[in-house]
Amino acid sequence: MLNAKKSAIRAALTAAVVAVASACSTLSAPAGFDAYGYLSPNPTADGEFIGNFPSRSECEAAGEAWMSQQVVGNPVHAECYPVDRR
C-alpha cells in the first residue's frame with residue numbers, strides 16, 4: 001500500500017514537472033516575426049525594435065504604422081524578420 005502511494009505521488013510530481021517545463025519552453029521561444037524600424041531608406045546598423053508578431057502580415061502592418069509616425073527629414077524603412085527558434 002505504501003509503495004502504491006509513493007508511485008502515485010511520484011507520477012503526479014513527474015506530470016507537474018513536465019507541464020511546467022512545457023509551459024516554460026512555450027514562453028521562452030516567441031513565435032512569428034520581429035519588426036525593426038530604421039531611420040534610413042535601408043536597414044543599417046541596429047534598428048529600433050517595434051515588436052514581435054505572430055504573422056508576417058501583422059508584422060508588416062506594425063512596420064507601416066511605425067513608419068507613418070516618424071518625422072525625420074529622410075525616408076525611413078521597416079523590416080520583418082522571422083524569429084530563430086534555435
Qualifying disulfide (SG to SG under 2.5 Å) pairs with a residue from residues 35-82, counting only residues at least two apart or across chains: Cys59-Cys80

Among residues two or more places apart or on two chains, list those pairs meeting ring pair (Phe, Tyr, Trp, His ring centres under 6.0 Å) that have a residue in residues 46-65. Tyr36-Phe49

For the residue pair Met67 and Pro75, establish whether any side-chain heavy-atom pair is separated by less than 4.5 Å. no

For residues Trp66 and Phe33: do they belong to one hydrophobic cluster (side chain heavy atoms under 4.5 Å, members Ile, Leu, Val, Met, Phe, Trp, Tyr)? no

CD (Glu60) and CD (Glu79) are apart, to the nearest 0.5 Å, by 8.5 Å

Minimum heavy-atom separation for Ala78 and Ile50, please, with both atom names. CB-CD1, 4.4 Å

Compare every heavy atom of Ala65 with every heavy atom of Ser68, then report the nearest pair and how far apart it is. OG-O, 2.8 Å

